[in-house]
Amino acid sequence: LVRAVAHTAGVGFIQASGAEVMSCLLGESERIVRELFARGRGMRPCVLFIDEIDALVASRALDGSGDGGESAGVQQRLLSTLLNEMDG
């Protein structure tokens, strides 16, 4: 559906899945997100669709609390990278 909207609007389309973005290597997921947005900026105007994005960055506590585990740290860094890239 998203691809059809992009085609109808005559804009570029980039698709990535959550599995493609998530990596076990430190900093790799953030690098992948930065590269996706860089590709999107190069194809401007463009629709960047990240499937299952909710699984990548489940939630963020406003007070900074959380379980403090490694996966939470990865999710926080990934969310921060996503927000920075969307902000431009």
Practice item. Show the numbers, then the answer: is there a side chain to side chain contact (heavy atoms under 4.5 Å, CB included) between V74 and M22? Key: CA-CA 9 Å; V74 171; M22 204 59 173; 3.7 Å; yes

Looking at every heavy atom in both [X] and [Y], which two are closest together, and how far apart are they?
X   : Y   : answer
G40 : C46 : O-CB, 3.6 Å
R34 : E85 : CG-OE2, 3.3 Å
G12 : A6  : O-CB, 4.1 Å
S23 : S29 : N-OG, 2.9 Å

Exercise for review: Show the numbers, then the answer: is there a side chain to side chain contact (heavy atoms under 4.5 Å, CB included) between T81 and F37?
Suggested key: CA-CA 10 Å; T81 302; F37 276 87; over 6 Å; no

Exercise for review: Spell out, as yes or no, whether a donor-acceptor pair under 3.5 Å connects the side chain of D87 to the backbone of L83.
Suggested key: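 Not a single qualifying donor-acceptor pair exists.
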
Got [X] and [Y] here, is their nearest side-chain heavy-atom distance under 4.5 Å?
X   : Y   : answer
L56 : V33 : no
I14 : M43 : yes
R77 : L26 : yes
S17 : V21 : no
I32 : E20 : no
R31 : E35 : yes

Exercise for review: Find out if a path of hydrophobic residues (ILVMFWY) with successive side-chain heavy-atom gaps under 4.5 Å connects I53 to V5.
Suggested key: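 No: no chain of side-chain contacts under 4.5 Å links I53 to V5.
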
Check your understanding: In the single-linkage hydrophobic clustering (I, L, V, M, F, W, Y; side-chain heavy atoms under 4.5 Å), do L25 and L78 co-cluster?
Key ->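 No; tracing contacts between hydrophobic side chains, which count when under 4.5 Å, never links both residues.
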
Review point. Linking Ile, Leu, Val, Met, Phe, Trp and Tyr through side-chain heavy atoms less than 4.5 Å apart, which residues share a cluster with F49?
Key: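 F49 shares its hydrophobic cluster with V2, V11, F13, V47.
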
